[in-house]
Amino acid sequence: MIVILKQNPNQEQLNSLITWLQEKGIIIHSSIGEAHTILGLVGDTSKLDIDLIAALDIVEDVKRVQEPYKNANRKFHPEDTVVKVGNTQIGGGTLTIMAGPCSVESEEQVVAIAKAVKASGATMLRGGAFKPRTSPYSFQGLGALGLEYLKVARQETGLPIVTELMDLSQLPLFKDVDVIQIGARNMQNFDLLKAVGHQDKPVMIKRGMSATYEEWLMSAEYVMAGGNENVILCERGIRTFETQTRNTLDLAAIPVMKKLTHLPIIIDPSHATGKSWLVDPLAMGAVATGADGLQIEVHNDPARALCDGPQSLKPEDFDPLAKKLLNLHKMIRTLED
C-alpha cells in the first residue's frame with residue numbers, strides 16, 4: 001500500500017499517522033519528491049482501512065500495490081534512485097562505464113588495464129577475483145589475491161572496484177570492495193541476497209539467464225528488505241534458442257524496468273554476446289534505449305586471456321567506443337532537455 005501525502009503536511013498529524021501504522025506492525029519507507037511525499041507501507045496491510053487513512057487532512061490519495069515487490073516498485077518510489085559510489089554515481093542522468101578484465105590475472109595486468117580504461121572515460125573498474133565457470137577445469141580466478149590486486153589498481157587510479165561475490169564464506173573478504181556483484185547464477189541464491197542486504201555498500205544484481213523481470217525484481221527485493229536500498233540491476237543477456245551468440249541481449253528490459261522500478265539499470269554487452277565485434281553496436285543501442293551505464297570487458301591481450309577472451313576488447317578498441325558512448329549519451333540528454 002502507498003499513501004500519497006499533500007504538500008507540506010502537518011508534522012504533528014504525520015507523526016501521529018506513522019506511530020499508528022507502526023503500532024500495527026507496518027514498516028514504513030518514505031520517499032520525498034519535488035511535489036509529494038509518499039509513504040510505502042510494507043507488511044500485512046490487508047486489515048488497514050483505506051477510507052480511514054484517505055480521510056486524513058494530510059493525505060491526498062491511498063492505493064494498494066498488487067505487485068509482490070514493494071521496495072523496488074516505482075509506485076513506492078517515483079523518483080529514480082541514484083547510487084553513489086566513491087566520487088561517482090550510477091543513475092541520475094549520468095552514463096557510468098564499468099570496464100576491466102573478466103578475470104584478474106596479475107597485478108601488472110589489472111593496473112595497466114585500469115589506467116587505460118580510466119583514460120578512455122571509464123569511471124569504475126570491473127574485474128573478477130572469484131570466477132563461476134561451467135567447467136571445473138577452467139580457470140576459477142585468483143580468489144583473495146585477485147581482490148588485493150584490484151585494490152592496488154584502485155589505489156593507482158582512484159577507480160572504484162566492482163567484483164563478484166559467489167559464496168557467503170567470501171563475504172569477509174569483500175569489506176573493502178566498492179560494489180558487490182551478484183552473478184546471474186546466484187541471482188536466486190536467497191541466503192546470499194539476504195546477507196548482502198545487511199551490507200552498507202551497493203549491490204549489483206545480474207539477471208539470471210532464464211529469469212523473468214518479476215523474478216529479477218524479487219531478487220532486488222530480498223536485498224532491499226534487509227535494509228540495503230543501494231541496488232543496481234544488470235542485464236547480461238538471457239538464454240534463448242539462438243546459437244549465433246552466447247546469450248540474447250534483451251534491450252527491451254531497459255524501458256520495461258524503467259517503468260516498473262526506480263533502480264538504475266546497467267547493460268553488459270560482453271557477456272550477452274560472447275563476441276567482441278558485437279559489443280560496439282549493442283553498447284550503442286543500450287545507451288540509445290536509456291541505460292544508466294555499461295559493463296564492458298577489456299583485456300590487454302584477449303587471445304591469451306585466461307577467461308572469456310573472445311568477448312573482450314583491447315584498450316585501443318575500447319577507447320573510441322567509450323568516447324562514442326559518452327558523446328551519444330550527451331546528445332540524447334541534450335535532445336531530451
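Here the structure is a predicted model, which means the values were calculated and not measured. Below, each value reflects all heavy atoms present in this structure, side chains not excepted, and no hydrogens, waters or symmetry copies.
- With respect to Asp280 and Lys324, a salt bridge is recorded, a charged nitrogen being found less than 4.0 Å from a carboxylate O.
- Residues Leu260 and Leu217 meet the side-chain proximity criterion, which asks for heavy atoms closer than 4.5 Å.
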Q: Could you walk me through whether Lys258 and Asp292 pass salt bridge (Lys or Arg N to Asp or Glu O under 4.0 Å), step by step?
A: CA-CA 10 Å; Lys258 289 285 185 181; Asp292 295 295; 2.6 Å; yes
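- Between Lys201 and Asp178, none of the side-chain N atoms (NZ, or NE/NH1/NH2) sits under 4.0 Å from a carboxylate O, so this pair counts as no salt bridge.
- Around atom CG of Asn8, no more than 12 heavy atoms belonging to other residues, nucleotides or ligands sit under 6.0 Å away.
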Q: Before giving the answer on side-chain hydrogen bond (donor to acceptor under 3.5 Å, both in side chains), spell out for Tyr222 and Asn71 the whole-Å C-alpha distance, their side-chain angles and the decisive distance to 0.1 Å.
A: CA-CA 9 Å; Tyr222 261 93; Asn71 296 302; over 6 Å; no
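- Side chains of His299 and Glu105: a donor-acceptor N/O pair is present below 3.5 angstrom, by distance only.
- No side-chain N or O of Gln199 forms a donor-acceptor pair with one of Asn228 less than 3.5 Å apart.
- At a cut-off of 3.5 Å, with distance as the only test, no side-chain donor of Gln295 or His271 sits close to an acceptor on the other residue.
- With hydrogens and angles ignored, the 3.5 Å screen pairs no side-chain donor or acceptor of Glu67 with any backbone N or O of Tyr69.
- Around the CZ atom of Arg239, the shell of radius 6.0 Å holds no more than 12 heavy atoms that belong to other residues, nucleotides or ligands.
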Q. Does the pair Ile58 and Lys6 meet the rule for a side-chain contact (heavy atoms from CB on, under 4.5 Å), with working shown?
A. CA-CA 5 Å; Ile58 60 172; Lys6 295 177 181 177; 5.7 Å; no
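- Side-chain contact between Val203 and Val179 is absent, with no heavy-atom pair separated by less than 4.5 Å.
- Ion pairing between a basic and an acidic side chain is recognised when a charged N comes within 4.0 Å of a carboxylate O; Asp308 and Arg246 show such pairing.
- Here Arg74 pairs with Asp80 in a salt bridge; the nearest charged N to carboxylate O distance falls below 4.0 Å.
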